[in-house]
Amino acid sequence: MVWVSAATFGVAWWLGLYLLARDPRKPLLRRAAIGLLAFAAAVVADRMAGGNSWFDGPRIVLVCAPVLAFSGVFVRLLPLGAVERVDRWWRLGLLPLCAMLAMPAAGGFLPAGYLLGALTLLALLGTMLGMLGQHAEWSEDSRRSAAGLLTIGALLLGLSAALILLGLNVLPRTAMLSVIAADLVVLGLGIAVVDAYDEGEALRADMTHSLVLSAATAAVFGGQAALALTLAGERPALIALFFGAVAGSITLQVLHGPLQAGADRVAFASDPQLCAARVELRSATEALLRRGSDNGLHTGG
């Protein structure tokens with residue numbers, strides 16, 4: 001089942017980095033990205049730990065992390081008049097409380113983990129209902145698809161996380177993590193639609209381009225580690241190498257723009273005008289993928 005875990009990890013890692021690369025300065029995108037990347041890390045940790053009972057506490061914490069992050073996402077979607085007040089409560093109240101519960105939970109004190117799970121699930125449900133109740137106007141524009149994605153994704157994420165926290169083995173553990181990954185992808189897609197609408201951009205071509213290239217590079221570089229896994233068996237070192245190769249290849253592709261900009265600043269330190277010109281050309285090239293009228297996920301207003 002390592003291949004199922006790898007696909008789950010790859011999709012969550014790619015979408016998290018994609019949202020982060022859109023604009024890391026936006027709390028909405030940053031929190032959604034953190035939720036997806038935290039879940040991707042949870043998939044790897046769960047695979048490395050196997051079915052060992054000592055990992056029950058850390059597993060609860062890792063499952064709660066994306067739930068908490070997406071409750072913060074919904075906070076940013078509340079009306080402007082309430083965003084700052086609720087966001088301050090989320091940052092200064094809920095986050096520290098969850099951190100205090102996470103420490104004993106990760107150490108194996110499961111009651112703290114269950115309390116953490118209940119708290120994060122309630123936060124997710126409450127902020128989702130607040131977002132829906134205050135954004136009835138979304139039904140009047142193209143964000144109505146995003147509202148549906150966010151609602152369905154949040155409800156399914158809450159249900160899946162609750163099943164894991166309660167220890168109900170409805171599906172094998174790897175399959176349950178894959179279900180949560182699907183829920184998070186639905187949420188991530190909804191966030192991308194909202195952001196693209198706010199920026200007046202098309203989304204489908206840009207997202208498809210990034211996904212195809214990421215999948216291709218992950219297949220090329222991860223395939224070599226996968227071959228080693230097939231020949232030598234699922235040893236911990238090879239599993240770590242496999243996931244590392246997939247993560248590294250996806251990261252290099254999704255973040256190629258910032259990485260190239262950093263390399264340019266070093267290579268052309270003596271010629272800032274040339275460096276600026278290259279930045280403008282890259283920005284223009286990337287903008288072309290986000291133009292267009294058509295594509296089903298064109299959200300410009």
Side-chain angles (χ1 to χ4, degrees), residues 4-48 59 61-77 95 120 124 146 149-150 153-154 156-158 160-161 177-196 198-199 201 203-204 206-219 221-222 240 242-259 286 289-290 297:
V4 176
S5 296
T8 301
F9 167 81
V11 172
W13 190 260
W14 161 74
L15 186 54
L17 290 177
Y18 176 82
L19 293 175
L20 191 65
R22 285 188 66 87
D23 190 346
R25 297 167 298 180
K26 293 183 176 181
L28 178 72
L29 297 178
R30 192 167 60 243
R31 291 175 186 178
I34 288 172
L36 285 158
L37 295 175
F39 177 76
V43 172
V44 177
D46 183 79
R47 188 69 206 180
M48 296 294 292
R59 182 181 291 114
V61 175
L62 290 171
V63 168
C64 290
V67 178
L68 178 62
F70 272 94
S71 71
V73 168
F74 286 127
V75 167
R76 301 303 305 182
L77 293 174
L95 278 184
T120 54
L124 179 70
L149 289 172
L150 293 172
L156 293 177
L157 173 62
S160 301
L177 289 175
S178 299
V179 170
I180 291 181
D183 303 337
L184 290 172
V185 167
V186 171
L187 284 169
L189 182 58
I191 296 302
V193 171
V194 170
D195 183 65
D198 291 340
E199 296 295 329
E201 297 173 344
L203 184 64
R204 179 177 292 175
D206 182 57
M207 182 172 276
T208 302
H209 180 266
S210 177
L211 176 60
V212 169
L213 288 181
S214 295
T217 53
F221 293 101
F242 177 46
F243 282 105
V246 172
S249 58
I250 292 174
T251 301
L252 286 173
Q253 194 286 312
V254 178
L255 301 182
H256 70 280
L259 291 173
E286 293 173 358
L289 287 171
R290 299 178 182 180
L297 284 178

From [atom1] ([X]) to [atom2] ([Y]), nearest 0.5 Å:
X      : Y      : atom1 : atom2 : answer
Leu189 : Leu15  : CG    : CG    : 7.5 Å
Tyr18  : Leu255 : OH    : CG    : 12.5 Å
Leu28  : Asp23  : CG    : CG    : 10.5 Å

Inset, instruction - Report the C-alpha distance between Leu203 and Arg22 in whole Å, list the side-chain angles of each, state the deciding distance to 0.1 Å, and finish with yes or no for side chain to side chain contact (heavy atoms under 4.5 Å, CB included). - result: CA-CA 11 Å; Leu203 184 64; Arg22 285 188 66 87; 3.6 Å; yes
Non-neighbouring partners of [X] that pass side chain to side chain donor-acceptor pair (under 3.5 Å), sequence neighbours left out:
X      : result
Ser210 : Trp14
Thr217 : none
Thr251 : Trp13

Could you pull out the closest heavy-atom pair between [X] and [Y], with the gap in Å?
X      : Y      : answer
Ser178 : Val4   : OG-CG1, 3.3 Å
Ala12  : Ala40  : CB-CB, 4.1 Å
Ile250 : Ser214 : CG1-O, 4.1 Å
Ser249 : Ala218 : OG-CA, 3.2 Å
Ala192 : Met207 : CB-CE, 3.8 Å
Leu19  : Ala32  : CD1-CB, 3.8 Å

Legend entry - Result of checking Lys26, Arg76, Arg25 against Asp195 for salt bridge (charged side-chain N to carboxylate O under 4.0 Å, His left out): Lys26
Inset, instruction - Mind running side chain to side chain contact (heavy atoms under 4.5 Å, CB included) on Leu62 and Asp46 for me, showing each step along the way? - result: CA-CA 9 Å; Leu62 290 171; Asp46 183 79; over 6 Å; no
Inset, instruction - Would you mind listing every ring-ring contact (aromatic ring centres under 6.0 Å, His included) that reaches into residues 22-43, with sequence neighbours excluded? - result: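 Qualifying pairs, neighbours excluded: none.
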Inset, instruction - Test side chain to side chain contact (heavy atoms under 4.5 Å, CB included) on Phe243 and Arg47 and set out the steps. - result: CA-CA 10 Å; Phe243 282 105; Arg47 188 69 206 180; 4.0 Å; yes
Inset, instruction - For residues Leu77 and Ile191, determine if any side-chain heavy atom of one lies less than 4.5 Å from a side-chain heavy atom of the other. - result: yes
Legend entry - Set of side-chain contact (heavy atoms from CB on, under 4.5 Å) partners for Leu213, sequence neighbours left out: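 By the side-chain contact (heavy atoms from CB on, under 4.5 Å) rule, Leu213 matches His209, Gln253.
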Can you give the donor-acceptor pairs under 3.5 Å from side chains of residues 64-74 to other protein atoms, not counting sequence neighbours?
| unit_1 | atom_1 | unit_2 | atom_2 | d |
| --- | --- | --- | --- | --- |
| Ser71 | OG | Leu68 | O | 2.5 |
| Ser71 | OG | Trp90 | NE1 | 3.0 |

